Structure formats: structure tokens, C-alpha cells
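I have placed the structure first, in the form of C-alpha cells, so that the comments after it can refer back to it.
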Protein chains: 2
Amino acid sequence: MAEQAETLRRAPLSRDRVLRAAVALADQAGIESLSMRNLAQELGVVPMALYKHVSNKDELLDGMIDVVVGEIDAPVSEADWKHAVRQRILSARQVLRRHPWAPLAIESRNMATPAILAYLDSVIGTFRAGGFSVDLAHHVMHAMGSRILGFSQELFDATRRAGRSGRTEPTPPAVLPPEVAARFPHVAEIAMAAAHDDASVLGQGCDDQFEFEFALDLLLDGIERLQQQGWASPRRHRKASG
Amino acid sequence: MAEQAETLRRAPLSRDRVLRAAVALADQAGIESLSMRNLAQELGVVPMALYKHVSNKDELLDGMIDVVVGEIDAPVSEADWKHAVRQRILSARQVLRRHPWAPLAIESRNMATPAILAYLDSVIGTFRAGGFSVDLAHHVMHAMGSRILGFSQELFDATRRAGRSGRTEPTPPAVLPPEVAARFPHVAEIAMAAAHDDASVLGQGCDDQFEFEFALDLLLDGIERLQQQGWASPRRHRKASG
DNA sequence: AAGGTTAGGTGTACGCCGTACACCTGTCAA
DNA sequence: TTGACAGGTGTACGGCGTACACCTAACCTT
């Protein structure tokens, strides 16, 4: 009867429950402490039970990515492709900020999951509806890179690794040590300027959202200019000059 | 005496030898098969011997990154910041293409290594010498993101995981299956167009180098325009609108 | 030459990981 | 009633990073 009590206490497992629990665990404990064993424990179940619902850990990660990408808002219907894409991407960014482990997870998988394909397809559709040629839409998608999913891959982003650590501590007061500043004067100059306002070290003390929108608009403006000029591929699909 | 023979046969270990062996192993066998044990075996040594030269695996990875970044050419001295930066970045790209594991490794570390800081400092210096304000240089560096190091993070890049697999097989002939094409028509359309020329699936069948330069020039042109307009930060370091 | 310090390679062991495989049990269709 | 099967269990294996104690040869000092 103790067994029955246990069995009743917890809802039956399902692929969906497994994936959501995995996302929640990665969100709050960090992706590096998401193991099959930890996840099973979280669900009150023995590790091997998970394998009845996901075939292995890689597939678990793929599923988690799909859960996250599925949270991105549906496309807004706007006449203007530029604003439509911009808004969609900023919405994607909001989602990814809730799941700091997701960018790295997405980049380290090497095939697109269905949810990501659907998202990309939808964004391409917006470009095409805005009058982009297939080629231009293609190149533009490449140019956007991961930014299309709402994350710029900053070279170093501490928030990507641990779960809540980025949010609770406002910013470690670790201004760069003087001997570092001496060796890298231009980096120091930028860090110094950024520190006036907010915090300390490059990439942490500056306004992420502003930087993201700055780059996004830089790209969108450039793209708009190409499209208005009736851009045609200068050298279509030939191997470029090394 | 057998021991002596062994000891003589191999060069003595050193941090540098360890790092270079690690890079070579990752290059040819893929980053996922770089373990302390494999690396030690490659060097004809017991695993724990490595810890006399690197303090742990994370630090090993940092060292490997420094080795790779150290391979990037010195900056060209040109009057024109745009060409100088462009050439430097394309040089970085050449290097990173020899070490397909490096982009992911770089992104997953969360602090800058000395070699990377030196590289970034040098690039910032080029912008500053070209007349950029500190703020504009700062934002521009963010906008370039990892592209400054020569890799766009394509959403899915198969070459990043395995070692030589990307090079030997020209391209798996896996055109996307028809039911996928039906669900994602815009993706299919692009894949189809790209397949005319080279190969198959999105991100694999298209010309990486072209896409990279397309995005790079898009950014550089936009940056040039801002700089020529005497760009000043519209809202300096205030939290941007969500 | 003698003795102590130390840099660097060795061997063993621990706890974690993913997961193969055999097993049990409750549910439901025939 | 029976038998298939979906789904949770238990054990076990090989691989991982690495702590810790140990050995050994080179070198510096007296």
C-alpha cells in the first residue's frame, strides 16, 4: 500500500511531463546539473524510467529546445516585414532570457528540431511576403544567424551557464584588475565608460537589451537597403574567394 | 632499463606540449573524444600526469583556445579601418576553420582568455584609430559578436562536432524528405534553390564563405554609415525598452 | 660526496555520468 | 481466463574528472 500511495501521489509520467520538468530543472539549477539521475529524482522516479519516454539524453535536449521554441509568440500580422520580423525576434529574445541555457543547447545540437524549423519557416515567410527573392531571403537568414532566435552570441556571457546566478547577484563588483587594464588599454577604455553607468566588466556591465537592438537594427537597416535596391546575388553560389 | 628507454623515447611533458597535443586530438578526433584519459594515452603518459601541467579540464580548454587564437595573423597596418578589420576577421576565420571545435568551445567558456582579450583589444584599437568614439566602438564590437573571431554561429553546423567528418564526406545526399518539405515550404524553397548548385540541406548545401562575407559586409557597411554620420549614442546606457 | 628539496610521472580509488538488459506489475482486449 | 503490453524497477558496466598518496630522479646547498 505504501507503493500505491506513492504511485497515486505522483501524476503518471509522460514525455511532456519529462520535458517540462527538464526545462524547469535546467532553468533553476543550470544546464550542467541536468542529469538523467537528477531529473528522475525530481520526478520521484528511477532514472531508467525516463527512457520509456525519451530515447536518450540528446533526444531529451532536442525536446527541451522544442518546448522553449514553442513558447515564442505567433507571428504578428503586419504589412511591414521589418517591424514584423523585429517584433518576432524581440519576442523570441524574451523567451530565451527565461531559459539561459537554451542558446548554448541550441548551438551544440547540429540538426534543427521541428519547432525550430517551423519558426524559421515562418520568419522566411515574412521576408518572402515582403517581396524578398528566395536568394536574398536565404542570405539574410544566414546573416541574422542565431540572432533570429533572439540571442546574440556574445563572446562571453556568464548568464548562460548557471541558472539563477545571473539574476540574483546584480553584478559582481570585479572591475578589471589594473595589470589587465594596462595590457589591454582599449578594452579597459570601453569597460571604464560602461562602468560609469551600470557595472563592471565587458559584456556584463553594459545594457544587453540595448546592444541587442543596436545590432538588430543595424542588420535590419542594411537588409532594407539591399531589398529596396532590388538586390541580386552578385555571384550566385560559387565558392567565394578564400 | 625498459623504463629508461620509455622515458627517453618521449619528449618531456610541458604545458605547451599538452596543449598542442590536445588541439591536435580535438582537430582529428573531435572535441567529444578529448578526454584527459585519451589525451594522456596520446602522450604516452598516465592521466594524472597531465594535472602537473594544467590544473583541470576547464583550464585545459582555456589553454587550447589560447593556442588557436594565437594562430590568428597579426593585424595588417592599413589606413582604412574597414579593410583592416575585414582582413583580420577573414584571417581569424581561416584559423577557426582548421579547428572546427573551437567556436563551441569558445562560446561555452564564460571568461575571456588572455589571447582573446589581446585580439579583441587589437580590433578595438583599429576602430579607435579609424575615428570611432569609445561608445560606438563598444556597440560595434557587440554587434559583431562572435563574428569578430571569424565564426558566425550558424544555427546548425554539422562541422562543429566531429573532427574530419565535415571534410571527407563532401555532403550527405540527404535532401529533405518530402513530408518535411510540405510542412516547411519556405525552408524547402531555399534548400531547393541552394541545391541547384552544390548540395542538399540548409546550412550544408550553401557556400559558407559567401554567407559569411555577405553578413560581414552587411555589418561593415552599416557600421561605416553610422561612423560617417558621426553617430552618437541616442540613449546612453539606459536600460532599453523591453 | 651527503643530504634535503622539489618537479614531475604513477597507481589507486571515489563518485558521477549515460544507458543496456532483464525483470516485475498493473491494465485492458480477446 | 489469459496473454500482450505499457511503463516503472534494479543491477551492472564502462567511461569520465580528479583527489591523494606515492615514487624517483635531478638539482642545490653545505
Side-chain angles (χ1 to χ4, degrees), chain A residues 1-22 25-26 29-65 101 104-105 108-110 161-163, chain B residues 1-22 25-26 29-65 101 104-105 108-110 161-163:
Chain A
M1 59 181 73
E3 294 172 9
Q4 278 206 359
E6 268 186 23
T7 305
L8 291 179
R9 186 176 334 128
R10 60 168 198 250
L13 238 44
S14 73
R15 179 176 166 88
D16 196 66
R17 246 171 63 79
V18 169
L19 294 183
R20 293 186 185 287
L25 183 55
I31 191 72
E32 77 283 354
S33 51
L34 174 75
S35 68
M36 299 303 272
R37 288 168 147 95
N38 283 345
L39 178 56
Q41 184 162 20
E42 205 77 12
L43 287 161
V45 115
V46 89
M48 287 310 294
L50 301 175
Y51 288 85
K52 290 284 155 63
H53 302 279
V54 294
S55 60
N56 54 46
K57 193 177 180 182
D58 275 1
E59 211 241 344
L60 174 73
L61 282 171
D62 283 346
M64 293 169 65
I65 290 172
W101 49 270
L104 207 57
S108 52
R109 314 274 82 224
N110 53 16
R161 292 184 79 75
Chain B
M1 59 180 71
E3 294 172 10
Q4 279 207 0
E6 267 186 24
T7 304
L8 292 179
R9 185 171 337 126
R10 62 169 196 251
L13 237 43
S14 72
R15 179 177 165 87
D16 196 66
R17 242 172 66 78
V18 169
L19 294 183
R20 291 185 185 287
L25 182 55
I31 189 74
E32 77 283 353
S33 51
L34 174 75
S35 66
M36 300 302 273
R37 288 167 148 94
N38 283 344
L39 178 56
Q41 184 162 20
E42 205 76 14
L43 287 162
V45 115
V46 89
M48 287 310 293
L50 302 175
Y51 288 84
K52 291 284 156 63
H53 303 277
V54 294
S55 60
N56 53 46
K57 193 178 180 182
D58 275 2
E59 212 242 343
L60 173 73
L61 283 171
D62 284 346
M64 293 169 65
I65 290 172
W101 48 271
L104 208 58
S108 51
R109 314 273 81 225
N110 53 16
R161 291 184 79 73

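Everything quoted here is computed from the prediction, not taken from an experiment. The chains referred to below are lettered A, B, ... by the order of the sequence lines, with proteins before strands, and numbering in each begins at 1. Values below: all heavy atoms of this structure, side chains included; hydrogens, waters and symmetry mates excluded.
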Quickly work out the [X] [atom1] to [N] [atom2] distance and round it to whole Å.
{"X": "A:Leu43", "N": "D:dG7", "atom1": "CG", "atom2": "P", "result": "15 Å"}
{"X": "A:Leu61", "N": "C:dT19", "atom1": "CG", "atom2": "P", "result": "10 Å"}
{"X": "A:Arg15", "N": "D:dG7", "atom1": "CZ", "atom2": "P", "result": "13 Å"}
{"X": "B:Leu50", "N": "C:dA7", "atom1": "CG", "atom2": "C1'", "result": "16 Å"}
{"X": "A:Leu39", "N": "D:dG8", "atom1": "CG", "atom2": "P", "result": "13 Å"}
{"X": "A:Asn38", "N": "C:dG18", "atom1": "CG", "atom2": "P", "result": "8 Å"}
{"X": "B:Leu13", "N": "C:dT10", "atom1": "CG", "atom2": "C1'", "result": "13 Å"}
{"X": "A:Tyr51", "N": "C:dA20", "atom1": "OH", "atom2": "P", "result": "7 Å"}

Would you indicate whether the side-chain heavy atoms of A:Met36 and A:Val54 approach each other to under 4.5 Å?
yes

Separation between CG of A:Asn38 and CD of A:Glu32, rounded to the nearest 0.5 Å:
10.5 Å

Between B:Ala105 and B:Ser108 the two heavy atoms that sit nearest each other are O-OG, 3.1 Å

Other residues, nucleotides, ligands: >12 heavy atoms within 6.0 Å of B:Glu59 CD
yes

Please state whether the base of D:dG15 and the side chain of B:Arg37 form at least one donor-acceptor pair under 3.5 Å?
no

Distance-only donor-acceptor test (3.5 Å): side chain A:Lys52, base D:dG8
yes

With B:Leu50 as reference, evaluate B:Asn56, B:Leu60, B:Leu39 under the side-chain contact (heavy atoms from CB on, under 4.5 Å) test and give the passing residue.
B:Leu39

Heavy atoms from C-beta onward define the side chain here; which of C:dG18, D:dT9, D:dC16 lies closest to that of A:Ala49?
D:dT9

Looking only at side-chain atoms of B:Val46, point me to the closest of D:dG10, C:dT10, C:dG18.
C:dT10

DNA chain C: 5'-proximal contact among A:Leu34 and A:Met48 (nearest heavy atom)
A:Leu34

Side-chain N or O of A:His53 closer than 4.0 Å to phosphate OP1/OP2 of D:dA6
no

